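A quick write-up on the structure given underneath.
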Protein chains: 2
Amino acid sequence: MDNITHILQSARKAKNMTQGELGAKAGLPQSHISQIESGNIDLRLSSLQEIARLLDLDVMLIPVNLKPAIRSIISGKEGEAQKPAWRVDEGEL
Amino acid sequence: MDNITHILQSARKAKNMTQGELGAKAGLPQSHISQIESGNIDLRLSSLQEIARLLDLDVMLIPVNLKPAIRSIISGKEGEAQKPAWRVDEGEL
DNA sequence: GCTTAAAATATGTTTTCACATATATTTTAA
DNA sequence: TTAAAATATATGTGAAAACATATTTTAAGC
(Lines give C-alpha, C1' and ligand atoms only; values in the text may rest on other atoms or scores of the structure.)
Protein backbone atom coordinates (compact mmCIF):
# COMPACT_ATOMS: atom_id res chain seq x y z
CA MET A 1 0.00 0.00 0.00
CA ASP A 2 1.12 3.48 0.69
CA ASN A 3 4.76 4.24 1.25
CA ILE A 4 4.02 6.73 4.01
CA THR A 5 2.60 4.04 6.25
CA HIS A 6 5.76 1.99 5.87
CA ILE A 7 7.80 5.00 6.88
CA LEU A 8 5.65 5.27 9.98
CA GLN A 9 6.20 1.64 10.82
CA SER A 10 9.96 1.72 10.43
CA ALA A 11 10.16 4.99 12.35
CA ARG A 12 8.22 3.41 15.18
CA LYS A 13 10.46 0.36 15.25
CA ALA A 14 13.55 2.58 15.09
CA LYS A 15 12.27 4.23 18.25
CA ASN A 16 11.61 0.82 19.81
CA MET A 17 7.97 1.57 20.42
CA THR A 18 5.14 -0.92 20.31
CA GLN A 19 1.91 -0.21 18.48
CA GLY A 20 0.29 0.02 21.88
CA GLU A 21 2.70 2.63 23.19
CA LEU A 22 2.44 4.72 20.07
CA GLY A 23 -1.32 4.46 20.06
CA ALA A 24 -1.56 5.43 23.71
CA LYS A 25 0.52 8.56 23.15
CA ALA A 26 -1.35 9.41 19.99
CA GLY A 27 -4.72 8.88 21.61
CA LEU A 28 -5.51 6.10 19.17
CA PRO A 29 -6.23 2.44 19.90
CA GLN A 30 -3.51 -0.07 19.13
CA SER A 31 -5.86 -1.67 16.63
CA HIS A 32 -5.70 1.44 14.45
CA ILE A 33 -1.96 1.54 14.42
CA SER A 34 -2.09 -2.05 13.28
CA GLN A 35 -4.55 -1.25 10.51
CA ILE A 36 -2.62 1.80 9.45
CA GLU A 37 0.71 0.00 9.28
CA SER A 38 -0.73 -2.93 7.40
CA GLY A 39 -2.13 -0.44 4.94
CA ASN A 40 -5.76 -1.46 4.94
CA ILE A 41 -6.85 1.94 6.07
CA ASP A 42 -6.96 5.37 4.49
CA LEU A 43 -6.16 7.33 7.60
CA ARG A 44 -7.13 10.92 8.35
CA LEU A 45 -4.70 13.78 8.19
CA SER A 46 -4.97 14.53 11.91
CA SER A 47 -4.08 10.94 12.75
CA LEU A 48 -1.16 10.99 10.38
CA GLN A 49 0.08 14.25 11.83
CA GLU A 50 -0.23 13.08 15.41
CA ILE A 51 1.54 9.80 14.78
CA ALA A 52 4.25 11.53 12.77
CA ARG A 53 4.82 14.05 15.54
CA LEU A 54 5.39 11.30 18.09
CA LEU A 55 7.99 9.81 15.77
CA ASP A 56 9.75 13.17 15.34
CA LEU A 57 8.43 13.52 11.82
CA ASP A 58 6.32 16.19 10.22
CA VAL A 59 3.86 16.08 7.34
CA MET A 60 4.88 18.52 4.64
CA LEU A 61 3.75 19.40 1.13
CA ILE A 62 6.79 19.47 -1.10
CA PRO A 63 6.91 20.89 -4.64
CA VAL A 64 7.66 17.90 -6.82
CA ASN A 65 10.59 19.56 -8.53
CA LEU A 66 12.33 19.92 -5.18
CA LYS A 67 11.90 16.31 -4.12
CA PRO A 68 15.34 15.18 -5.31
CA ALA A 69 17.10 17.91 -3.35
CA ILE A 70 15.05 17.17 -0.27
CA ARG A 71 15.50 13.43 -0.50
CA SER A 72 19.23 13.95 -0.61
CA ILE A 73 19.07 15.98 2.58
CA ILE A 74 16.97 13.36 4.30
CA SER A 75 19.01 10.37 3.20
CA GLY A 76 22.16 12.04 4.48
CA LYS A 77 22.00 10.70 8.05
CA GLU A 78 18.82 11.52 9.93
CA GLY A 79 19.59 12.58 13.45
CA GLU A 80 23.07 14.04 13.50
CA ALA A 81 24.75 17.02 11.92
CA GLN A 82 24.41 17.10 8.16
CA LYS A 83 27.08 16.22 5.72
CA PRO A 84 27.00 18.65 2.77
CA ALA A 85 23.74 17.83 1.02
CA TRP A 86 24.54 20.55 -1.46
CA ARG A 87 27.01 18.47 -3.44
CA VAL A 88 24.82 19.45 -6.34
CA ASP A 89 23.26 16.08 -6.94
CA GLU A 90 24.49 12.58 -7.01
CA GLY A 91 21.90 9.84 -7.08
CA GLU A 92 18.39 10.77 -6.28
CA LEU A 93 17.32 8.78 -3.30
CA MET B 1 -7.30 25.39 11.03
CA ASP B 2 -4.56 23.32 9.55
CA ASN B 3 -1.82 25.00 7.60
CA ILE B 4 -1.70 22.27 4.99
CA THR B 5 -5.18 23.07 3.75
CA HIS B 6 -4.21 26.69 3.25
CA ILE B 7 -1.24 25.60 1.21
CA LEU B 8 -3.58 23.56 -0.94
CA GLN B 9 -5.86 26.53 -1.46
CA SER B 10 -3.12 28.95 -2.43
CA ALA B 11 -1.52 26.35 -4.69
CA ARG B 12 -4.85 25.89 -6.44
CA LYS B 13 -5.31 29.62 -6.90
CA ALA B 14 -1.73 29.96 -8.11
CA LYS B 15 -2.60 27.45 -10.81
CA ASN B 16 -5.81 29.35 -11.60
CA MET B 17 -8.00 26.36 -10.99
CA THR B 18 -11.49 26.40 -9.59
CA GLN B 19 -12.61 24.05 -6.85
CA GLY B 20 -14.73 22.34 -9.48
CA GLU B 21 -11.83 21.77 -11.86
CA LEU B 22 -9.58 20.48 -9.13
CA GLY B 23 -12.31 18.24 -7.78
CA ALA B 24 -13.09 16.83 -11.20
CA LYS B 25 -9.45 15.93 -11.81
CA ALA B 26 -9.07 14.52 -8.33
CA GLY B 27 -12.25 12.51 -8.57
CA LEU B 28 -13.76 14.42 -5.69
CA PRO B 29 -16.88 16.56 -5.63
CA GLN B 30 -16.39 20.31 -5.58
CA SER B 31 -18.17 20.38 -2.24
CA HIS B 32 -15.29 18.49 -0.62
CA ILE B 33 -12.70 20.83 -1.94
CA SER B 34 -14.73 23.60 -0.41
CA GLN B 35 -14.93 21.85 2.96
CA ILE B 36 -11.27 20.95 2.87
CA GLU B 37 -10.12 24.47 2.05
CA SER B 38 -12.37 26.04 4.63
CA GLY B 39 -10.83 23.66 7.12
CA ASN B 40 -13.95 22.10 8.59
CA ILE B 41 -12.85 18.67 7.55
CA ASP B 42 -10.17 16.24 8.62
CA LEU B 43 -9.46 14.82 5.20
CA ARG B 44 -8.11 11.41 4.40
CA LEU B 45 -4.57 10.78 3.30
CA SER B 46 -5.59 9.53 -0.16
CA SER B 47 -7.55 12.74 -0.78
CA LEU B 48 -4.67 14.86 0.38
CA GLN B 49 -2.25 12.97 -1.82
CA GLU B 50 -4.44 13.16 -4.89
CA ILE B 51 -5.11 16.87 -4.50
CA ALA B 52 -1.45 17.56 -3.80
CA ARG B 53 -0.39 15.63 -6.88
CA LEU B 54 -2.64 17.72 -9.10
CA LEU B 55 -1.04 20.84 -7.68
CA ASP B 56 2.47 19.51 -8.31
CA LEU B 57 3.00 18.87 -4.64
CA ASP B 58 3.84 15.73 -2.74
CA VAL B 59 3.07 14.63 0.79
CA MET B 60 6.28 13.81 2.63
CA LEU B 61 7.28 12.88 6.14
CA ILE B 62 10.16 15.07 7.17
CA PRO B 63 12.40 14.51 10.21
CA VAL B 64 11.71 17.53 12.41
CA ASN B 65 15.36 18.42 12.78
CA LEU B 66 15.61 18.86 9.01
CA LYS B 67 12.61 21.13 8.68
CA PRO B 68 14.58 24.38 8.75
CA ALA B 69 16.89 23.26 5.96
CA ILE B 70 13.99 22.04 3.89
CA ARG B 71 11.89 25.13 4.45
CA SER B 72 14.77 27.24 3.24
CA ILE B 73 14.93 25.24 0.03
CA ILE B 74 11.20 25.56 -0.50
CA SER B 75 10.93 29.26 0.25
CA GLY B 76 13.70 30.00 -2.20
CA LYS B 77 11.45 30.40 -5.28
CA GLU B 78 9.31 27.39 -6.04
CA GLY B 79 9.45 26.62 -9.72
CA GLU B 80 12.70 28.03 -10.98
CA ALA B 81 16.35 27.45 -10.32
CA GLN B 82 17.33 27.72 -6.69
CA LYS B 83 19.12 30.59 -5.13
CA PRO B 84 21.71 29.30 -2.62
CA ALA B 85 19.59 27.83 0.15
CA TRP B 86 22.78 26.85 1.92
CA ARG B 87 23.50 30.34 3.22
CA VAL B 88 23.74 28.54 6.52
CA ASP B 89 20.59 29.89 8.07
CA GLU B 90 18.87 33.22 8.18
CA GLY B 91 15.21 33.16 9.19
CA GLU B 92 13.69 29.77 9.73
CA LEU B 93 10.35 29.40 7.93
C1' DG C 1 -25.70 52.47 -11.21
C1' DC C 2 -29.18 48.02 -11.64
C1' DT C 3 -30.51 43.25 -13.43
C1' DT C 4 -29.58 38.89 -14.55
C1' DA C 5 -27.30 34.74 -15.85
C1' DA C 6 -23.58 31.89 -15.31
C1' DA C 7 -19.61 30.59 -12.66
C1' DA C 8 -17.81 29.60 -8.36
C1' DT C 9 -18.28 28.46 -3.68
C1' DA C 10 -20.96 26.91 0.33
C1' DT C 11 -24.54 24.13 2.80
C1' DG C 12 -27.79 20.16 3.69
C1' DT C 13 -28.58 14.85 3.57
C1' DT C 14 -27.30 10.26 2.83
C1' DT C 15 -23.82 6.70 2.53
C1' DT C 16 -19.42 4.79 3.38
C1' DC C 17 -15.37 4.10 5.94
C1' DA C 18 -12.04 5.51 9.80
C1' DC C 19 -11.95 5.10 14.40
C1' DA C 20 -13.55 3.08 19.17
C1' DT C 21 -14.36 -0.97 21.87
C1' DA C 22 -13.75 -5.67 22.53
C1' DT C 23 -11.73 -9.99 21.48
C1' DA C 24 -8.65 -13.19 19.11
C1' DT C 25 -4.35 -14.54 17.38
C1' DT C 26 0.51 -14.53 17.12
C1' DT C 27 5.04 -13.81 19.03
C1' DT C 28 8.40 -13.68 22.65
C1' DA C 29 10.81 -15.36 26.41
C1' DA C 30 10.73 -17.69 30.88
C1' DT D 1 4.51 -25.18 27.69
C1' DT D 2 2.65 -21.38 29.04
C1' DA D 3 1.88 -16.80 30.24
C1' DA D 4 2.39 -12.27 28.97
C1' DA D 5 3.40 -9.01 25.45
C1' DA D 6 2.54 -7.59 20.96
C1' DT D 7 -0.14 -7.57 16.88
C1' DA D 8 -4.34 -8.66 14.27
C1' DT D 9 -9.41 -9.22 13.58
C1' DA D 10 -14.69 -8.37 14.47
C1' DT D 11 -18.41 -5.34 15.19
C1' DG D 12 -20.60 -0.94 16.38
C1' DT D 13 -20.57 4.38 15.99
C1' DG D 14 -19.31 9.02 14.33
C1' DA D 15 -17.24 11.80 10.84
C1' DA D 16 -15.56 12.19 5.78
C1' DA D 17 -16.94 11.77 1.35
C1' DA D 18 -20.84 11.34 -2.29
C1' DC D 19 -24.89 13.53 -4.02
C1' DA D 20 -27.99 17.27 -4.37
C1' DT D 21 -29.18 21.99 -3.71
C1' DA D 22 -28.51 26.77 -2.18
C1' DT D 23 -25.94 30.80 -1.87
C1' DT D 24 -22.55 33.97 -3.28
C1' DT D 25 -19.63 36.10 -6.68
C1' DT D 26 -18.50 37.74 -11.21
C1' DA D 27 -19.28 40.06 -15.25
C1' DA D 28 -22.18 41.04 -19.06
C1' DG D 29 -26.05 43.74 -20.89
C1' DC D 30 -28.94 47.39 -20.41
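Excluded from the calculations below are hydrogen atoms, water molecules and symmetry mates; all remaining heavy atoms, backbone and side chain alike, are included. Just so it is clear, the structure is predicted and the values come from calculations on it, not from any experiment. In what follows, chains carry the letters A, B, and so on, assigned in the order in which the sequence lines appear, proteins first and then strands, with residues in each chain numbered from 1.
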- Test: B/Glu37 and B/Arg12 ion pair at under 4.0 Å: yes
- Any Lys/Arg nitrogen of B/Lys67 or A/Asp58 sitting under 4.0 Å from an Asp/Glu carboxylate oxygen of the other? yes
- Message: Between B/Ser47 and B/Leu43 (side chain of the first, backbone of the second, donor and acceptor by atom type, cut-off under 3.5 Å), is there such a pair?
- Response: no
- Message: Let's go through B/Lys15 and B/Leu55 carefully: what are the C-alpha distance in whole Å and the side-chain angles of both, what is the deciding distance for side chain to side chain contact (heavy atoms under 4.5 Å, CB included) to 0.1 Å, and is it a yes or a no?
- Response: CA-CA 7 Å; B/Lys15 281 203 158 356; B/Leu55 300 172; 4.2 Å; yes
- Query: Out of curiosity, B/Leu57 CG to B/Ile7 CD1, how far, rounded to the nearest 0.5 Å?
  - Reply: 8.0 Å
Between [atom2] of [N] and [atom1] of [X], the distance in whole Å:
{"X": "B/Ile33", "N": "D/dA16", "atom1": "CD1", "atom2": "P", "answer": "15 Å"}
{"X": "B/Gln35", "N": "D/dA18", "atom1": "CD", "atom2": "P", "answer": "12 Å"}
{"X": "B/Leu48", "N": "D/dA16", "atom1": "CG", "atom2": "P", "answer": "14 Å"}
{"X": "B/Ile41", "N": "C/dG12", "atom1": "CD1", "atom2": "P", "answer": "14 Å"}
{"X": "B/Asn40", "N": "D/dA15", "atom1": "CG", "atom2": "P", "answer": "14 Å"}
{"X": "A/Gln9", "N": "D/dA8", "atom1": "CD", "atom2": "C1'", "answer": "13 Å"}
{"X": "B/Asp42", "N": "C/dA20", "atom1": "CG", "atom2": "C1'", "answer": "15 Å"}
{"X": "B/Ile36", "N": "C/dA10", "atom1": "CD1", "atom2": "C1'", "answer": "14 Å"}

For [X] versus [Y], what's the shortest heavy-atom pair and its separation?
{"X": "A/Ala26", "Y": "A/Ile51", "result": "CB-CG1, 4.4 Å"}
{"X": "A/Ala69", "Y": "A/Ser72", "result": "O-OG, 2.7 Å"}
{"X": "B/Ile36", "Y": "B/Ile41", "result": "CG1-CG2, 3.9 Å"}

- With B/Met60 as reference, evaluate A/Ile4, A/Leu61, A/Ile74, A/Val59 under the side-chain contact (heavy atoms from CB on, under 4.5 Å) test and give the passing residue. A/Ile74
- Task: Taking Watson-Crick and G-U wobble pairs with both distances under 3.5 Å, convert DNA chain C into its dot-bracket string, 5' to 3', dots for unpaired and | for cross-strand pairs.
- Result: ||||||||||||||||||||||||||||||
- Close side-chain approach of B/Leu8 and B/Ile33, heavy atoms under 4.5 Å: no
- Would you indicate whether the side-chain heavy atoms of B/Gln19 and B/Leu22 approach each other to under 4.5 Å? no
- Item | DNA chain C contacts made by residues 10-31 of chain B, counting heavy atoms under 4.0 Å | B/Arg12, B/Thr18, B/Gln19, B/Gln30, B/Ser31
- Query: Is the phosphate of D/dT7, meaning OP1 or OP2, less than 4.0 Å from a side-chain N or O of A/Ser34?
  - Reply: no
Between protein and nucleic acid, restricted to nucleotides 27-30 of chain C and to nitrogen or oxygen atoms under 3.5 Å apart, what atom pairs and distances do you find?
none

